[in-house]
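The structure under discussion appears below in the form of structure tokens.
Reckoned from all heavy atoms, side chains included, excluding hydrogens, waters and symmetry mates. When a ligand or atom number is given, it counts from 1 through the structure's own listing order.
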Amino acid sequence: MTLLSVENVTRRYRLPRQALLTPPAVLTAVDQASFTLERGETLGIVGESGSGKSTLARMVMAFERPDEGRVLFEGKDLATLAPADLRALRPHFQLVFQDPYSSLNPRRTVGWSIAEPLRATGQADKARVAQALEQVGLRPEDADKYPHEFSGGQRQRVAIARAIVTRPSLLVADEAVSALDMSVQAQILNLLMDLQDELGLAILFISHDLSVVGSICDSILVMEHGKTVEYGAAQQIMRAPEQGYTRSLLTAAGLI
Ligand SMILES: Nc1ncnc2c1ncn2[C@@H]1O[C@H](COP(=O)(O)OP(=O)(O)OP(=O)(O)O)[C@@H](O)[C@H]1O
Ligand SMILES: [Mg+2]
């Protein structure tokens, strides 16, 4: 069964009223997006700032509901699940943000933060935390340190450890390497690819950088102002983009 299937998903935001008697304007942040992601595969979502990438990610994570369309995880429509069923499903899809501090509590040890998704399911256990740290190239002893004691790249490894500790089948990485130096970026991308092989993870990889997306993804969805510009095999899109917008992203990334 397809792991993740997004069907004609639309999300609108009401903007503040410009004047007293005018109706509020509505922004369509995501407009009829559709894609599928199979187990162990990587789909890149690429587009300029404001194109709707994070909005799409929030709907995949069931943090927001689509106004139209459906998000199916293992065939289950996230919007119609009972709260208890959604809670039970949550450990299977995890998110990594650009800023690791958004998932790590600065006043707690990283071991505490990594164990957090496990506590939610009543399975917190030191051995699982130690294993997750080793899987991301850190040491079990690092569990006792605080987030500020790590470098930016190491902190992102901690955030990834927190995301994989529940052994998810889907990882949503929203600009997960964008804030890092080029060499550290490459290390984190390699780590994600290794984890993918090791754990059979599917990755939804969101980035404004088409060169990064093209290097690691099986397929690519290009977004502009909420609309899907292009969707297909990564090799095809990188080699022969059909749309001018995609070509402009390739040019911006210095790829053509
Ligand atoms: N809660 C909200 N209320 C109103 N408008 C919103 C809200 N969230 C996002 N938007 C708008 O929706 C559009 C898409 O935003 P989104 O954050 O999904 O873009 P993005 O592609 O992730 O951009 P970036 O690359 O900068 O992260 C933007 O115009 C944004 O201003
Ligand atoms: Mg975003």
Q) Taking all non-hydrogen atoms of both residues, which atom of I203 and which atom of L37 are closest, and how far apart? A) O-CD2, 3.9 Å
**Q.** Heavy-atom pair with the smallest gap, counting every atom of A202 and E38
**A.** CB-O, 3.5 Å
Q.
Hydrophobic clusters here meaning ILVMFWY residues chained together by side-chain heavy-atom distances under 4.5 Å, can you tell me if V213 and L221 are in one?
A. no
Q) Is it true that the side chains of E149 and Q154 contain a donor and an acceptor less than 3.5 Å apart? A) no
Please tabulate protein-ligand N/O pairs under 3.5 Å for ligand 1, atom names and distances to 0.1 Å.
from, atom 1, to, atom 2, distance (Å)
ligand 1, 8 (N), R58, NH2, 3.4
ligand 1, 18 (O), S54, N, 3.4
ligand 1, 18 (O), T55, N, 2.9
ligand 1, 18 (O), T55, OG1, 2.6
ligand 1, 19 (O), G52, N, 3.3
ligand 1, 21 (O), S51, N, 3.2
ligand 1, 21 (O), S51, OG, 3.4
ligand 1, 21 (O), G52, N, 3.1
ligand 1, 21 (O), K53, N, 3.0
ligand 1, 21 (O), K53, NZ, 2.9
ligand 1, 22 (O), S54, N, 2.9
ligand 1, 22 (O), S54, OG, 2.9
ligand 1, 23 (O), G50, N, 2.8
ligand 1, 25 (O), K53, NZ, 2.7
ligand 1, 26 (O), S49, OG, 2.5

Q | Protein N/O/S atoms closer than 2.8 Å to the Mg ion (ligand 2) | A | S54 OG
Q | Non-neighbouring partners of F93 that pass ring-ring contact (aromatic ring centres under 6.0 Å, His included), sequence neighbours left out | A | F73
Q: Check for a donor-acceptor pair, side chain of R108 on one end and backbone N or O of S113 on the other, with a separation under 3.5 Å.
A: no
**Q.** R119 NZ/CZ over W112 ring centroid, <6.0 Å and within 45° of normal
**A.** yes
Q: May I ask you to say whether K53 pairs ionically with E48, meaning some side-chain N is under 4.0 Å from a carboxylate O?
A: no
Pairs of donor and acceptor atoms involving the side chains of residues 127-134, under 3.5 Å and at least two apart or interchain, shall be tabulated with distances.
from, atom 1, to, atom 2, distance (Å)
R128, NH2, V165, O, 2.9
Q131, OE1, R167, NH2, 3.0

